[in-house]
Amino acid sequence: MTTAQVQVPEPRIPEWTGFDGLVQLISVDGQRTVGCPYWELVADVDAEGLRGLYRDMAIVRRLDAEAMALQRQGELALWAPLLGQEAAQVGSARALRPDDFVFPSYREHGVAYCRGVDPVAMLRLWRGAGLSGWDPAVHGIATPAIVVGSQALHATGYALGVVADGADSAVLTYFGDGATSEGDIAEAFGFAASYVVPVVFFCQNNQWAISEPVRVQSHASIAQRGQGYGIPGIQVDGNDVLAVLAATRLALARASAGQGPTLIEAVTYRMGPHTTSDDPTRYRSPAEDEEWRVKDPLARLSSLLHAEGLADDGFNEEVGVAADEAAAALRQGVLAMPDPEPARLFENVYAEPHSLLQDERDAYAAYLAEFDEEA
Amino acid sequence: MTTAQVQVPEPRIPEWTGFDGLVQLISVDGQRTVGCPYWELVADVDAEGLRGLYRDMAIVRRLDAEAMALQRQGELALWAPLLGQEAAQVGSARALRPDDFVFPSYREHGVAYCRGVDPVAMLRLWRGAGLSGWDPAVHGIATPAIVVGSQALHATGYALGVVADGADSAVLTYFGDGATSEGDIAEAFGFAASYVVPVVFFCQNNQWAISEPVRVQSHASIAQRGQGYGIPGIQVDGNDVLAVLAATRLALARASAGQGPTLIEAVTYRMGPHTTSDDPTRYRSPAEDEEWRVKDPLARLSSLLHAEGLADDGFNEEVGVAADEAAAALRQGVLAMPDPEPARLFENVYAEPHSLLQDERDAYAAYLAEFDEEA
Amino acid sequence: MPTMSLGKALNNGLRRAMEDDAKVVLMGEDIGKLGGVFRVTEGLQRDFGDRRVIDTPLAESGVIGTAVGLAMRGYRPVCEIQFDGFVYPAFDQIVSQVAKMRYRNEGRVAMPLTIRIPFGGGVGAVEHHSESPEAYFAHTAGLRVVTPSNAADGFHMIQQAITSDDPVVFFEPKRRYWEKGEVDEEAPCTDDPLRRAAVLTEGNDVTIAAYGPMVATALDAARIGAAEGTSIEVIDLRSLSPIDFETMEASVRKTGRLVVAHEASVFCGLGAEIAARISERCFFHLEAPVRRVGGFATPYPASRAERHFLPDADRILHEVDRCLRP
Amino acid sequence: MPTMSLGKALNNGLRRAMEDDAKVVLMGEDIGKLGGVFRVTEGLQRDFGDRRVIDTPLAESGVIGTAVGLAMRGYRPVCEIQFDGFVYPAFDQIVSQVAKMRYRNEGRVAMPLTIRIPFGGGVGAVEHHSESPEAYFAHTAGLRVVTPSNAADGFHMIQQAITSDDPVVFFEPKRRYWEKGEVDEEAPCTDDPLRRAAVLTEGNDVTIAAYGPMVATALDAARIGAAEGTSIEVIDLRSLSPIDFETMEASVRKTGRLVVAHEASVFCGLGAEIAARISERCFFHLEAPVRRVGGFATPYPASRAERHFLPDADRILHEVDRCLRP
Ligand SMILES: Cc1ncc(C[n+]2csc(CCOP(=O)(O)OP(=O)(O)O)c2C)c(N)n1
Ligand SMILES: Cc1ncc(C[n+]2csc(CCOP(=O)(O)OP(=O)(O)O)c2C)c(N)n1
Ligand SMILES: [Mg+2]
Ligand SMILES: [Mg+2]
């Protein structure tokens, strides 16, 4: 017999059965969806709450645009824009409690903003004036992880520490669709599930890993990536700030209730280039950009606010002013940022004295001195 | 509100829905199970076929016992026994076509046997007389991979080459339950699913990774590990040689038919120590050993053969003789195996001349010569 | 003779290698439509198809591990690691599999892999994009490690690396990608750049050994030195493992002085091996201790401070002076 | 004073460190009930519970990566890598995260991690179980690399490594686990074994620098040498990064000759750094070139040939002779 001819049931790939597919609370045209139980999770979000979410997104978008401009003007070495991902970042970050902890990748400027990090401090890394810009302990958010996937393991270990401390805080870690292919992400899933730790894996599926569409990473939905590890997944409309808030609240609640890890896939779109060094025209079509432009997370919430009379032109005016002020402050702070002193190079490599490093530091100082004399 | 109180549906972990749970064709007490469609896949296995499978398992077990003895007698540096996993290995290996290719871990002596590898050659590695013992191209099976998980990526790449060649052969790779935690296994799942290559991931879940029970690696079934990648899984009774044969045939057929990867979890038990260096009494109970002893893969097939009158004492006699002969040949070959010559150390590091290595080789040869003179 | 950038020369070399051997396949992140973040594979997927120029999932161990399997199936994979700092996830597959596969199988299995890695600093990048990890691979038996410093060598060496039956870790000095040089694509490659060092300037006072991105810096130092009356011989190692010590020894026997320059941290860097071996081989010819100039025992700093970390012509000449006046 | 094996001394040192600081947690494969494949953690899970002695899933990057997170939460993780050859899957987390985390965060984040790695050959093992990867880590800024050669140092150094606020890669010479020595567990540790080299035998003719498993071999060589009338000074480095060059320089200024011995491949091994630096610092005191003896530029061979790969007292003495009669 040739086994290929045999008619037996194929081993079935189970359909994704998280909460009936995509969690969406606000439709693309700004209407509230009905009947979704996730509404209960954001029942407390009143008019002011909605306006606050919009304000956050508008300011974050404006800061992102200013950073882009600063890079184009040569004030930053590089910038990884979040344009289009404001709802995914603000919605998830606003679900956090102060004592929760965040492990971001390199694109979560909106999350850092919600954690109270000074935007000027964020740009220190991108200007090349330092390797990071803030104190993780103060803001409850680690500094950016550039090695794709590495931070998910740090989050899992940190969450293990939370359990050991007997605390009930949760840990939220961000990564992209491309990152899901890295072994470190899989190992983080494995450790988190094995130890049942309070970590939420938040994947912003912005459809692209630089030039590679998400199907290069996976033919299955990313929300389903955790299933084999026993990690439930939620697929949420990443451009719907309310849905993201609800889903993240649910996942964080499960975490701090001791129910273990959850994977959230926020379906969104990277409206800009991967970074300022990238040229998306080489690999994706204007049609695709257009298709997503109509799903813009800010426009969506704005139309809801206006349709329901929760915001007027005065509000837009006020938000615009706040955003411009934030942008101006960012520009001012960046331009005033000093370059690192040579001596700084040798600091904070080690906590304790290090003979070799001390010799090198002294030799280089002597060299610079000698050099100045000559000049 | 505190989200922890909210009553909304938990994101559900879907139940495993491969072929109704465990695939089993021969019950623990040696009865044929009824109604399982996998029977069709082994419809060609007649009495002689069943006796052949038993013969293979008996000889493989005997060779394994001889290797254990050789190690205890100091003739081998180490041995990783397969005792208890004969059905998983023989059943899967006998599903292979000559032009298929295998990437084993370090415990698949039974698979190598079925691929026609001389047992003496297998023991070269374990005696420390060489780092491997056979030509992968000749037998269609790579030499053992000791770095846990590494071989799954090699199998995936090889399968990518099979597709590029337009061939219809399939690739079968083996690893253990512990290996499923390694990033390389997850990356292999990702690449195999992304490229839809003809590879079968065969996990022998023998319940233990040295001293760690499988629950340390996963709380979910291992057969389900591939789901998140879109890889269907089959959970098969790994001590039922017929069921393993059927499941592997199905997976290989899917592979060569261009339907992509399948994950097979063969539920079995490592009846012996991890290796001859291990002491299982430190971490597992006699009760557990006993529980699995009654599921012995050879006893099971033997009782079926005898109950159905397909084998008599003569057959057992004949198999015993064949096994003893094989064991004697193994012992003889191992004892006759020479130690590697010093000069061999410097061979096959590089394919092309290497100045440094040549200098070192010459210097060491001169040193040995000098030394002999002195002595 | 046409003039082209190092990046373009590598691109042409890859194209030539793919034309010459249908078993050559390229793998890596963003090497297809994008042509790689440095455009070294530009146009190759368009011309050879996505079966031979493969965009891989984002996983470096996966890239190298699958390439190992492809090699076992008879292919010649050329893997691109996007940046130096991202080769580490593949370290296990490179060190335990790529480097040891032939030895493990006593010559029955070949590993004709080429691993391309843009390396080094000076491009104002963020963390992990300016590393010089060559010593890790040079210390790993079973691998060959090379780096071209100019367009002509790049064009020839990438083809030699691909046709070699040994695994080659091919470091590309990223800050020199845009530097132009003459490349004769038709003339056969006479000297043996994959294996032999090149004496780029003859000199009598001091020898400077450099490779990859530091070669241009060493040549600057030689020019300034010449103006100041110091005759400097600059050697481009090209092969980092093995190292062509014959060429270096001959030079140092003449000059009696050696300065080794690289971007990597000095401690346990390649300069250590060179200094150790030349100190031994030229023990009675050295007028002064071998001097090493390179990165500090710190991680690579923020880009606005990298000029302090990276050796420049002045720092090299400072060591040259110390050799001349010990 | 009690006599115990190196393995037992490490076990006692770990126990002491866990008693002294509740934030110390042990992680690794099979370190719980089994007590590790070398029994170095024997009894610790029983006495401190499975919250402080954690059996991890089989994934080295996962072990180190989660330890990084635990450290950020204020813990002091002590990770066991089962064998030298299995540290490579964790190489990225060690080199890009553990080593760089403090620098990246400008001192705001500490990485008080200890990574225990049984290393070296001589135990008749199969492939990947006899590697000497110390040079990879010594070349990595941000890490400290140490190795004890005897029970007393093992007992004290493991505690010093754990209390250090810097990440320490702690190599344990596996073939010496069973060698016994006197350990005074109560007396305070006076000399500073984590940072300073130890002169084990005084001598005037030649200095031998060794570490970890090769120290005992070097001492054998010294004994044989003494019988043959050669006075050899043996130095145990103990710290491999940084290296205590003061102690070595003082010795070489006296003897004028240095032989460095390690199991790792000589090319770009630690011996290269030592030879380079001593050749420079003792340029006018060296009577002969520094000689290095170590592994060849080959992967670690099959165990029945490892005696050829591993330097023994004879090979060391052969180099001693070459120093004495250059
Ligand atoms: C280990 C590693 N490999 C490669 C890179 C280079 N790189 C930076 S971002 C990126 C794509 C990431 O895509 P995704 O995970 O989807 O995140 P996104 O950038 O879309 O937010 C790549 C390949 C890296 N930073 N780290
Ligand atoms: C990368 C790596 N880490 C650790 C080891 C040491 N080791 C050898 S076998 C083993 C357990 C493997 O368990 P499993 O995958 O279930 O296979 P089994 O031995 O049960 O067949 C371990 C930890 C290794 N060989 N490779
Ligand atoms: Mg993305
Ligand atoms: Mg197992």
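Note on naming: letters A, B, ... go to the chains in the order of the sequence lines (proteins, then strands), and numbering restarts at 1 for each one.
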### Task
Nearest 0.5 Å please: distance from the OG atom of B:S194 over to the NE2 atom of A:H219.
4.5 Å

### Query
Rounded to the nearest 0.5 Å, how far apart are OH of B:Y229 and OG1 of A:T180?
8.0 Å

### Task
Could you look at B:R97 and say if it's the side chain, the backbone, both or neither that has a heavy atom under 4.5 Å from chain A?
neither

### Query
What option among B:A186, B:A188, B:A193 has the most heavy-atom pairs under 4.5 Å with chain A?
B:A193

### Task
Mark yes or no for whether A:Q224, through its side chain, and B:Q227, through its backbone, hold a donor-acceptor pair below 3.5 Å.
yes

### Heavy atoms from other residues, nucleotides or ligands near CZ of A:R32 exceed 12 (cutoff 6.0 Å)
yes

#### Entry: Over all atoms of both residues, closest heavy-atom pair of B:S218 and A:G228
OG-O, 4.4 Å

